[in-house]
Amino acid sequence: MEITIREALEDAKEKEILAYEFYQKLLTYVKDLGAKAIIRELAEEEVKHRDLIDKIIATGDLNIVGLDTKCYYTDLGITDMVLPKVIKEDMSVQDILRIAIKHEDNSRIFYEKLADKYKGQEVEELFRRLAVEEACHRNNIQKIYDDIILTEN
């Protein structure tokens with residue numbers, strides 16, 4: 001079944017809302033203040049994405065999107081390890097961060113697939129930008145993981 005660009009944008013908006021809710025839930029479990037600050041920043045980024053998508057839906061103007069974000073990362077295979085299925089109070093910071101990395105990977109893949117679906121259309125660039133931003137979020141989380149977890153071991 002083909003979906004319209006508007007429906008794809010609505011799906012993207014819903015994904016951002018769910019991502020925000022995910023980070024809000026994580027905040028209730030994380031005790032490390034530095035990790036909490038980064039998770040708050042990630043949640044705020046999801047709100048910015050949602051607001052951007054809302055504005056595009058309302059105006060139909062894709063030109064409000066800046067396309068200058070660049071982000072590169074090295075995948076250390078952190079999410080290849082078995083991940084907990086449910087977020088619980090007794091989870092380690094390591095588990096929480098691994099879940100968050102996987103979450104951002106999934107978001108990046110979601111936007112890359114939408115960009116591929118709309119290849120050659122104006123909206124492709126929006127989805128490519130959002131994919132890059134999700135990769136940047138992943139980088140931030142991986143840096144926390146490296147700083148907290150790898151220095152402890």
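Here the NZ-CZ distance, from Lys15 to Phe22, works out to 10.0 Å after rounding to the nearest 0.5 Å. To the nearest 0.5 Å, the span separating NZ on Lys113 from CG on Asp116 amounts to 9.5 Å. Put simply, CD1 on Ile144 and CG on Leu42 are 6.5 Å apart, with the number rounded to the nearest 0.5 Å. Separating the CD atom in Glu44 from the CZ atom in Arg40 is a distance of 9.0 Å, to the nearest 0.5 Å. Put simply, CD on Glu16 and CD on Glu14 are 10.5 Å apart, with the number rounded to the nearest 0.5 Å. One finds the CG atom of Asn140 at 10.5 Å from the CD1 atom of Ile101 (value rounded to the nearest 0.5 Å).
Cluster annotation: Leu114 and Ile57 are assigned to the same hydrophobic cluster (Ile/Leu/Val/Met/Phe/Trp/Tyr, side-chain heavy-atom contacts under 4.5 Å, transitive). With hydrophobic clusters built from ILVMFWY side chains whose heavy atoms lie under 4.5 angstrom apart, Ile39 does not share a cluster with Leu18. Connection of Leu126 to Ile5 is established within a shared hydrophobic cluster, with ILVMFWY side chains joined at heavy-atom distances below 4.5 Å, either directly or through further cluster members.
Here the side chains of Leu130 and Ile53 are in contact, with some heavy-atom distance below 4.5 Å. Looking at heavy atoms from C-beta onward, Asn106 lies out of side-chain contact with His103 at the 4.5 angstrom threshold. Proximity of Asp11 to Phe110: side-chain heavy atoms (C-beta onward) are separated by under 4.5 Å at one or more points. Residues Glu134 and Glu46 have side chains in contact (heavy-atom distance under 4.5 Å, counting atoms from C-beta outward). The side-chain heavy atoms of Leu52 and Arg129, taken from C-beta on, include a pair separated by under 4.5 Å. In this structure the side chain of Glu104 never reaches within 4.5 angstrom of the side chain of Gln142, judged on heavy atoms. Looking at heavy atoms from C-beta onward, His137 lies in side-chain contact with His49 at the 4.5 angstrom threshold. Within the 4.5 Å cutoff, the side chain of Arg50 has no heavy atoms near those of the Tyr20 side chain.
Contact record, Glu112 with Arg128: O-NH1, 4.1 Å, taken as the closest heavy-atom pair. The two atoms that bring Ala115 and Glu124 nearest to each other are O-CG, 3.5 Å, heavy atoms only. Counting all heavy atoms, side chain and backbone alike, Thr4 lies closest to Tyr118 at O-OH, 3.3 Å. Heavy atoms only, all atoms of each residue included: Phe127 and Ala12 are closest at CE2-CB, 4.3 Å.
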Requested in this report: Given side chain to side chain contact (heavy atoms under 4.5 Å, CB included), test Asp51 with Val47 step by step and report yes or no.
Outcome: CA-CA 6 Å; Asp51 292 348; Val47 170; 3.7 Å; yes
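Counting non-hydrogen atoms of other residues, nucleotides and ligands closer than 6.0 Å to NZ of Lys143 gives a total of 12 or fewer.
With Thr28 contributing its side chain and Gln24 its backbone, the two residues share no donor-acceptor pair below 3.5 Å.
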